[in-house]
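Take a look at the structure set out below.
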2 protein chains.
Amino acid sequence: MDINKDISKEDILAIKDAIELLGGKWKFCILYHLNTYQTMRFKDLQEMSVGITPKVLSKQLQELEDNLLITRTVNNTKPVTVSYAPTKYAEEINPVINALLSFGSKHREKIKEK
Amino acid sequence: MDINKDISKEDILAIKDAIELLGGKWKFCILYHLNTYQTMRFKDLQEMSVGITPKVLSKQLQELEDNLLITRTVNNTKPVTVSYAPTKYAEEINPVINALLSFGSKHREKIKEK
DNA sequence: ATAGTCACTTTCCTAAAGGGAACCGATAGT
DNA sequence: ACTATCGGTTCCCTTTAGGAAAGTGACTAT
C-alpha cells in the first residue's frame with residue numbers, strides 16, 4: 001500500500017513537472033508547428049502563432065530550448081535569420097500533443113451541444 | 001493546400017481549447033486522483049492535492065463540473081459530505097493524462113542528467 | 001540619406017491565477 | 001457551553017503570464 005502511495009506521488013510530480021513546462025497559452029502550438037514543418041524561422045513562427053508578440057514568442061522559445069526540446073540556429077543570411085527545429089527528444093512530446101488534440105476536438109463538439 | 005491549412009487551424013483551436021481548460025496547476029492532478037479512486041470527498045481531494053487551498057480546489061472542481069468532466073453529489077451524512085466522481089466522458093481525458101505522465105517521468109530523468 | 005527586413009529587447013501595463021487566513025452554517029459529540 | 005467536522009466562502013494580497021508599443025543593431029536596397 002505504501003508502495004502504491006509512493007508510485008502515485010511520483011506520478012503527481014511527473015504530471016506537475018510536465019504541465020509546468022508545457023502549460024501556458026503557446027507552447028503546444030509552437031511545438032505543433034515545429035513538428036509539422038520541422039524547421040521554421042522566428043518570423044514564420046510569429047505568423048503561424050496568430051496573436052503572439054515577439055517578446056512572448058522569444059520567451060517560449062528560450063524555455064523550450066532550455067528544456068532540450070528545440071534547437072536554435074543562427075543562419076548566415078542577410079539580414080540574419082534564425083532557425084528553430086525540434087530535437088529528436090521532442091518526439092516524446094508527440095503523444096501528448098496528439099492526445100490533447102484529440103480530446104480538444106471532441107470537447108469542442110461536446111460543448112457545442114449544450 | 002488550403003484544405004490542409006484549414007485542418008491545421010482547427011487543430012490549433014482544439015489544442016488551445018484543451019489547454020485552456022486543463023492548464024493550470026491543479027486540474028490534471030485532480031483528474032488523476034479521481035481517475036484512481038473513482039469517488040472522493042472534498043476533504044480527500046484537499047489532502048491528496050498537497051498545498052491546495054479550499055478556495056482554489058473549489059474553483060477547479062466547479063470548472064471541471066461545468067465542462068462535464070466530473071459530477072458533484074451532496075451526501076445525506078452528518079456533517080454533510082460531498083462526493084466528486086469522474087463522468088463517463090472524463091475517460092476521454094485518460095490518454096492525455098497518461099501521455100503527460102509518461103513524458104513527465106522521462107523528462108524528470110532527462111533534466112537530472114544535466 | 002532613407003526606408004525596410006529580421007530577430008529580437010525594453011518598458012509599461014493589465015488581468016488572471018493562486019496563496020493565507022479567517023470566517024460561516026449546519027450538525028454532532030462531551 | 002464548548003469544541004470539532006465538513007464544505008465551502010470571503011477578503012486581501014502577491015506573483016506570474018501575457019499584451020501593446022516602441023526601440024535596437026546589423027544589414028540591404030534604392
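Excluded from the calculations below are hydrogen atoms, water molecules and symmetry mates; all remaining heavy atoms, backbone and side chain alike, are included. Convention: sequence-line order gives letters A, B, ...; per-chain numbering from 1. As the structure is a prediction and not an experimental result, all values here were calculated from the model.
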Atom-pair distance ([atom1] on [X]; [atom2] on [N]), nearest Å:
X	N	atom1	atom2	value
B:Leu61	C:dA17	CG	P	15 Å
A:Asn76	C:dA7	CG	P	14 Å
B:Lys27	C:dA16	NZ	P	14 Å
B:Gln62	D:dG7	CD	P	15 Å
B:Glu20	C:dA15	CD	P	17 Å
A:Leu57	C:dT9	CG	P	10 Å
B:Ile19	C:dA16	CD1	P	18 Å

Just jot down the side-chain hydrogen bond (donor to acceptor under 3.5 Å, both in side chains) partners of [X], sequence neighbours excluded, or say none.
X	value
B:Gln38	none
A:Arg108	B:Asp17
B:Asn98	none
B:His107	A:Asn67, A:Tyr89

Worksheet item: Are A:Lys112 and A:Glu109 within salt-bridge range, i.e. N to O under 4.0 Å?
Response: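 Result for this pair is yes, salt bridge flagged.
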Worksheet item: Between B:Ser58 and D:dT9, does any side-chain N or O lie under 4.0 Å from OP1 or OP2?
Response: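 Answer is yes, contact under 4.0 Å.
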Item to complete: Enumerate the residues from residues 38-52 of chain A whose closest heavy atom to DNA chain D is under 4.0 Å, giving them by residue number; use none for an empty result.
Response: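 Close to the strand, none.
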N/O contacts under 3.5 Å, protein versus nucleotides 16-18 of chain D?
from, atom 1, to, atom 2, distance (Å)
D:dA17, OP2, A:Lys59, NZ, 3.3
D:dG18, OP1, A:Lys25, N, 2.6

Worksheet item: Can you list every salt bridge (Lys or Arg N to Asp or Glu O under 4.0 Å) pair that touches residues 65-87 of chain A, not counting sequence neighbours?
Response: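 As it turns out, there is no salt bridge (Lys or Arg N to Asp or Glu O under 4.0 Å) pair with a partner in residues 65-87 of chain A once direct neighbours are skipped.
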Identify every side-chain donor-acceptor pair in residues 50-60 of chain A under 3.5 Å, counting partners at least two apart or on other chains, and give the distances.
from, atom 1, to, atom 2, distance (Å)
A:Gln60, OE1, A:Lys27, NZ, 3.4

Tabulated below should be each protein N or O lying under 3.5 Å from an N or O of nucleotides 23-30 of chain C; please produce it.
from, atom 1, to, atom 2, distance (Å)
C:dA28, OP1, B:Lys78, NZ, 3.4

Discussion item. My understanding is that only residues two or more places apart in sequence, or in another chain, count here; which of them pass salt bridge (Lys or Arg N to Asp or Glu O under 4.0 Å) with A:Glu91?
Written reply: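 Per chain and number, A:Glu91 pairs via salt bridge (Lys or Arg N to Asp or Glu O under 4.0 Å) with A:Lys88.
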Worksheet entry | Value rounded to 0.5 Å, distance of NZ in A:Lys106 from CG in A:Leu101 |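 So the gap between those two atoms works out to 10.5 Å.
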Practice prompt. Could I get the full list of side-chain contact (heavy atoms from CB on, under 4.5 Å) partners for A:Leu31, not counting sequence neighbours?
Written response: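 A:Leu31 satisfies side-chain contact (heavy atoms from CB on, under 4.5 Å) with A:Leu22, A:Leu64, A:Ile70, A:Ile93, A:Ile97 only.
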Discussion item. Tell me every residue that passes side-chain contact (heavy atoms from CB on, under 4.5 Å) with B:Asp44, counting only those two or more places apart in sequence or in another chain.
Written reply: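 Once residues adjacent in sequence are excluded, the partners of B:Asp44 under the side-chain contact (heavy atoms from CB on, under 4.5 Å) criterion are B:Met40, B:Arg41.
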